[in-house]
Protein chains: 2
Amino acid sequence: MIKTDVDLMVKFLRGFSDKTRIQILESIKDQEKTVSEIVEDLNGKQSNISQHLACLKGCGLIVGRQDGKFIKYSLRNQQVRDLLTMFHTVFEEVQTDIACCENHIE
Amino acid sequence: MIKTDVDLMVKFLRGFSDKTRIQILESIKDQEKTVSEIVEDLNGKQSNISQHLACLKGCGLIVGRQDGKFIKYSLRNQQVRDLLTMFHTVFEEVQTDIACCENHIE
DNA sequence: CACACATATTAGTGGTTGCTAATATGATGA
DNA sequence: TCATCATATTAGCAACCACTAATATGTGTG
């Protein structure tokens, strides 16, 4: 770590560390969607999704724009999309080893 | 998400979602190190570091090899290194927006 | 084998975080 | 403006997870 603040970096990365958030990111990866659409996509609760969206927005991973009575969310930029793609790539190659992190750190 | 299991994916990504683990990854990014060296690097407790190492190993992000009485850890491969680099890149560009995730999801 | 050093594991605990339900805010259109 | 729909926020709770201290395993050396 050169100069960037580690704590902030971790907050950024924490955006990726939850199932619901990953699913949201995947859901809007290719097209922007309204909150309701995402809720339906994930079969989740509106308040829960809304909280995660706020988190992802705060982490700089997504952006929202008002569109009539809706708010449409999409990935912040191509880099975030690339990051998601790269996760898949590295993950594929590593998948078999992952049994880790049961409950506590382990 | 195409075919890969989301839960497993999240376990993989959770490897990146903790300050100590990020610091470990950065610490061994360019050269393999023994546990003691990492402990010293981070100014941490041996048992704690050891647990995080186990987690990172389980997540497929690092590998360890016995070397005499020591065990030396290093990043699993170039892809993981690339991922770390890419974090920095995207993070730099996004940094100002990150105030998120205070305590609860927010 | 016994001792010393390096690392791993376990148990217990406190703080963090994601969930739900209820309520509040905000925007649109009659 | 009032009613309605879309989204955000809050409070409370349960589960999770990282931390420390203590102990165990393992490896090399006398």
Side-chain angles (χ1 to χ4, degrees), chain A residues 6-7 10-25 27-28 32-59 62-74 99-106, chain B residues 6-7 10-25 27-28 32-59 61-74 98-106:
Chain A
V6 189
D7 295 288
V10 169
K11 279 188 181 176
F12 167 69
L13 292 173
R14 204 172 287 275
F16 297 105
S17 71
D18 174 82
K19 180 175 181 175
T20 304
R21 288 198 290 275
I22 290 293
Q23 287 179 134
I24 290 175
L25 292 172
S27 169
I28 65 177
E32 61 176 10
K33 287 186 182 167
T34 68
V35 178
S36 330
E37 285 172 331
I38 299 170
V39 169
E40 196 170 358
D41 257 34
L42 306 203
N43 240 301
K45 306 278 181 178
Q46 182 268 321
S47 75
N48 188 27
I49 301 295
S50 190
Q51 286 171 79
H52 282 297
L53 285 169
C55 175
L56 287 168
K57 189 161 61 176
C59 289
I62 67 175
V63 293
R65 69 174 184 89
Q66 190 89 35
D67 179 32
K69 58 197 295 195
F70 301 94
I71 295 182
K72 297 200 169 179
Y73 285 97
S74 53
C100 99
C101 302
E102 292 298 334
N103 291 347
H104 42 18
I105 299 184
E106 161 171 303
Chain B
V6 190
D7 294 286
V10 169
K11 280 188 181 176
F12 167 69
L13 291 173
R14 202 172 288 274
F16 297 105
S17 71
D18 175 83
K19 180 176 181 176
T20 304
R21 288 198 289 275
I22 290 293
Q23 287 179 133
I24 290 175
L25 291 172
S27 168
I28 64 176
E32 62 176 7
K33 288 187 182 165
T34 68
V35 178
S36 330
E37 285 172 332
I38 298 170
V39 168
E40 197 170 357
D41 258 35
L42 307 203
N43 240 301
K45 306 278 182 180
Q46 181 268 322
S47 75
N48 188 27
I49 301 295
S50 189
Q51 285 172 81
H52 282 298
L53 285 169
C55 176
L56 288 168
K57 190 161 62 174
C59 289
L61 297 178
I62 66 175
V63 292
R65 68 174 184 89
Q66 190 88 35
D67 179 33
K69 58 197 297 194
F70 301 95
I71 296 182
K72 297 200 167 178
Y73 285 97
S74 54
I98 307 174
C100 98
C101 302
E102 292 299 333
N103 290 350
H104 42 16
I105 299 186
E106 162 173 302

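Just so we're on the same page: letters track the sequence lines, and every chain starts at 1.
Residue B/V35 is the one, among B/V35 and A/G44, whose nearest nucleotide of DNA chain C lies closer to the 5' end (criterion: closest heavy atom). Each of A/D18 and A/S47 was assigned the nucleotide of DNA chain C with the nearest heavy atom; the assignment lying further toward the 5' end belongs to A/D18.
For the pair A/R14 and C/dT17, the criterion of a side-chain N or O lying under 4.0 Å from OP1 or OP2 is met. At C/dC19, none of the side-chain N or O atoms of A/K45 fall inside 4.0 Å of OP1 or OP2 (strictly under the cut-off). At the phosphate of C/dC5, neither OP1 nor OP2 sits under 4.0 Å from any side-chain N or O atom of B/S36. At least one side-chain nitrogen or oxygen of A/Y73 sits closer than 4.0 Å to the OP1 or OP2 atom of D/dA8.
Atom P of nucleotide D/dT7 and atom CD1 of A/I49 are separated by 12 Å, given to the nearest angstrom. D/dC5 atom P lies 17 Å from atom CD of A/E37, rounded to whole Å. Between the CG atom of A/L42 and the C1' atom of C/dC19 there is a distance of 14 Å, rounded to whole Å. Rounded to whole Å, atom P of C/dT7 lies 16 Å from atom CG of B/L56. The distance from atom CZ of A/R65 to atom C1' of D/dA6 is 15 Å, rounded to the nearest whole Å. Per the geometry, CZ belonging to B/F70 stands 11 Å off P belonging to D/dG28, to the nearest Å. Look at NZ on A/K19: it is 17 Å from P on D/dA15, rounded to the nearest Å.
With hydrogens and angles disregarded, no donor-acceptor distance shorter than 3.5 Å links the side chain of A/E32 to the backbone of A/I28. Using a distance-only test at 3.5 Å, with no hydrogens or angles considered, no donor-acceptor pair links the side chain of B/R65 to the main chain of B/K72. Judged purely by atom type and a 3.5 angstrom limit, A/Q66 uses its side chain to pair as donor or acceptor with the backbone of A/G68. Between the A/K33 side chain and the A/S27 main chain, a donor and an acceptor come within less than 3.5 Å of each other.
Side-chain N/O atoms of B/Q51 and base N/O atoms of D/dT20 include a donor-acceptor pair closer than 3.5 Å.
The side chain of B/N48 approaches D/dT20 more closely than any other nucleotide in the set D/dT20, C/dG18, C/dA8. Among D/dA18, C/dC19, C/dT7, the nucleotide with an atom closest to any side-chain atom of A/H52 is C/dC19.
A distance of 4.5 Å separates CD1 in A/I62 from CG in A/L56, rounded to the nearest 0.5 Å.
Residue B/H52 forms a side-chain hydrogen bond (donor to acceptor under 3.5 Å, both in side chains) with just one option from B/K19, B/Q23, B/R21, and that option is B/R21.
Counting heavy atoms from C-beta outward, A/R14 and A/V10 have side chains that approach closer than 4.5 Å.
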List every contact pair, protein side and nucleotides 23-30 of chain C side both N or O, where the distance is under 3.5 Å.
{"residue": "C/dT28", "atom": "OP1", "partner": "A/G68", "partner atom": "O", "Å": "3.4"}

